[in-house]
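Since the structure comes first, as structure tokens, the remarks are kept for the end.
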Number of protein chains: 2
Amino acid sequence: MNIIESPSFSDIRAAAERLRVRATRTPLLHNRFLDADTDRQIFLKPETLQVSGSFKFRGAYNRIAQLTKSEREGGVIAWSSGNHAQGVAAAAKIESVRARIVMPEDAPKIKLENTKALGAEVITYNRYNEDREAISYALAARDGGVIVPSYDDPHIIAGQGTAGLEIFEDAAQMGQSLDALLICCGGGGLTAGCALAAEALSPATDIFCVEPEYYDDHARSLKSGYRESADTSQSSICDALLSPTPGALTFSINERLLSGGLVVTESEVKAAMRYAFRVLKLVVEPGGAVALAALLSGKLDAKYKKVAVMLSGGNVDPLAFAEILKEEA
Amino acid sequence: MNIIESPSFSDIRAAAERLRVRATRTPLLHNRFLDADTDRQIFLKPETLQVSGSFKFRGAYNRIAQLTKSEREGGVIAWSSGNHAQGVAAAAKIESVRARIVMPEDAPKIKLENTKALGAEVITYNRYNEDREAISYALAARDGGVIVPSYDDPHIIAGQGTAGLEIFEDAAQMGQSLDALLICCGGGGLTAGCALAAEALSPATDIFCVEPEYYDDHARSLKSGYRESADTSQSSICDALLSPTPGALTFSINERLLSGGLVVTESEVKAAMRYAFRVLKLVVEPGGAVALAALLSGKLDAKYKKVAVMLSGGNVDPLAFAEILKEEA
């Protein structure tokens with residue numbers, strides 16, 4: 001497979017085979033209260049329960065499992081605010097490969113700690129005046145090592161697509177055909193992988209990416225047809241979704257396959273996190289809750305009645321979560 | 001089936017068939033961090049994700065689905081601190097049967113609200129100077145209605161046993177045979193049902209019930225051979241597990257099939273709730289966390305290497321949970 005080519009559906013199938021005994025096959029959940037509250041039939045994909053606490057393990061393992069013997073010697077290098085970091089660390093640990101991860105020094109504590117607990121070497125940097133890609137390439141130049149990108153890579157996209165593959169397989173087994181799928185979107189790798197799975201297995205399903213306000217670069221790019229940039233001067237609690245612009249490869253896929261992009265506010269994200277806690281009994285991090293937030297805040301056209309919603313990660317600091325729970329009172 | 005006889009394994013199979021399209025088949029989860037932290041292979045059964053937020057829906061639906069046409073006219077009556085209440089309310093709603101539930105006025109707010117949201121009529125009483133059974137029987141005498149007991153009933157036990165059936169089916173499908181199963185225990189219905197499932201499907205699995213301190217009536221009864229009483233003058237955060245003594249029917253089953261009872265302290269329960277939040281990304285209520293607490297606090301003999309752990313419910317007030325999260329800081 002050429003590095004700049006889109007993965008095919010058979011690449012997603014091959015990734016699923018690689019992941020079969022390594023990843024958790026997360027269930028497709030339904031909840032009576034959620035259906036009543038939204039007047040739709042909702043199917044939740046809790047990647048919060050995935051190895052490493054987010055879907056990122058899928059792509060990382062799919063890439064690392066395919067390293068050649070000589071590539072393994074230098075180990076892997078990645079940069080990440082935290083979920084890709086944990087995914088790479090968990091995958092590298094399973095494959096007994098050295099992992100070095102460049103992470104912002106202000107990443108959520110739980111993400112820094114878990115990445116280290118999984119055996120990776122963490123190199124922190126200052127998000128405001130240092131360049132994580134330059135740091136990573138310098139590490140690779142000095143000691144060797146293969147860069148594992150977080151989204152703009154066919155192996156990563158194919159790996160993330162296995163989450164979509166499972167959604168459509170499980171829906172079919174339940175005798176359900178989905179009208180829409182809402183996907184939390186940063187760089188667009190999960191979205192692209194799931195869109196490719198939908199194209200093969202459920203072409204009638206409309207796919208929407210969901211982003212937090214200010215980081216709505218996909219939504220605007222899908223409208224303009226060009227890769228637009230986020231307003232990175234703005235802060236957001238959705239630390240997992242702060243990529244500045246859609247990936248070149250991911251956008252070429254998403255532009256072709258998506259029906260549109262939805263955007264949610266910070267207060268809608270927090271309300272969705274509280275809802276997930278109170279009603280669904282699931283711990284969802286801010287970036288993992290944007291798709292649910294779009295649904296609960298009425299951003300999706302009422303014509304969609306059978307909707308799958310990705311809950312993409314659950315790595316959130318308990319004290320930060322406790323504060324969000326208390327805001328409702 | 002005679003009302004005082006133990007259910008058989010075929011009653012559990014029949015309950016599973018009744019529940020097939022009504023209940024959630026909750027997954028059997030594993031978690032890499034949990035395995036590393038306990039040096040065992042752990043299989044989690046998250047009944048937190050069940051309809052109504054706890055396993056109680058299983059037994060309640062199994063009973064209510066078997067009401068005769070004339071019994072349906074008077075509806076059902078139950079008493080409960082909250083999880084059986086929600087299970088009965090959800091089941092009655094599906095079967096279009098009137099539900100009246102007698103609940104303590106100091107039950108967790110989320111349990112009172114959800115029971116009402118599910119369409120049940122809630123009658124509150126004072127736990128310290130009123131008798132909930134007397135209130136319930138007076139309601140039945142006045143307006144008719146079938147009492148749905150919370151544990152000491154063969155239909156209820158058979159329904160709860162479907163959770164155990166699923167555990168052993170899923171473990172077998174994974175090619176695993178379990179050494180032990182830890183079950184959160186109040187009146188003993190879930191424990192008895194799961195023990196009967198184990199007897200049929202996995203007789204080599206040792207079954208342990210787990211209780212909070214002061215409410216260790218099963219643990220002591222299993223030792224003495226008599227139905228001992230809890231010290232009900234003591235308070236406990238495990239509001240779901242405060243039954244004063246083992247049921248007559250449940251104890252006759254549990255005495256025969258259990259390997260013993262484990263007991264955990266309140267601080268061990270809170271630590272398990274924080275662990276479930278931080279590592280497993282699951283919201284577990286105090287009473288639903290006792291089995292995990294026993295595991296994490298080292299109450300289970302190290303010889304058990306493949307252990308299933310029931311997480312029996314997730315109905316906890318968000319603000320109470322936030323306080324427990326903050327206690328760690």
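By convention in this document, chain letters (A, B, ...) are assigned in the order of the sequence lines, proteins followed by strands, and residues within each chain are numbered from 1.
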Check: Looking just at side-chain N and O atoms, do Thr26(B) and Lys45(B) make a donor-acceptor pair shorter than 3.5 Å?
Finding: yes
Among residues 32-39 of chain B, those lying within the under-4.5 Å heavy-atom range of chain A are Arg32(B), Phe33(B)
When the 4.5 angstrom heavy-atom criterion is applied to Glu323(A) and chain B, the contacting part is side chain
side-chain hydrogen bond (donor to acceptor under 3.5 Å, both in side chains) filter on Asn315(A), not counting sequence neighbours, yields Asn83(A), Lys281(B)
With the threshold set at 4.0 Å, does a side-chain nitrogen-carboxylate oxygen contact exist between Lys111(B) and Asp317(B)?
no
Whatever's closer than 4.5 Å to a heavy atom in chain A on Pro318(B) counts as both
Note: vs chain A, highest number of non-hydrogen pairs under 4.5 angstrom among Val279(B), Asn114(B), Leu280(B) is Asn114(B)
task: Indicate yes or no: does Arg63(A) engage Glu95(A) in a salt bridge with an N to O separation below 4.0 Å.
output: no
Q. Is a salt bridge present between Arg58(A) and Glu166(A), judged by a nitrogen-to-oxygen distance below 4.0 Å?
A. yes
| Does the side chain of Thr115(B) pick up a donor-acceptor pair with the side chain of Gln86(B) at under 3.5 Å? | no
Could you tell me whether the side chain of Pro286(B) reaches within less than 4.5 Å of the side chain of Met273(B), counting heavy atoms only? yes
Counting heavy-atom pairs under 4.5 angstrom with chain B, the leader among Val316(A), Leu49(A), Val284(A) is Leu49(A)
Which label fits Phe321(A) and Phe277(B): parallel for a plane angle under 30°, tilted from 30 to 60°, or perpendicular past 60°? perpendicular
Okay, Leu282(A) and chain B: the region with an atom under 4.5 Å from a heavy atom over there is both
*asked:* Looking only at the side chains, is there a donor atom on one of Ser312(A) and Glu47(A) sitting less than 3.5 Å from an acceptor on the other?
replied: no
Applying a strict 4.5 Å limit to non-hydrogen atoms, the region of Ile94(A) in contact with chain B is side chain
Okay, Ile324(A) and chain B: the region with an atom under 4.5 Å from a heavy atom over there is neither
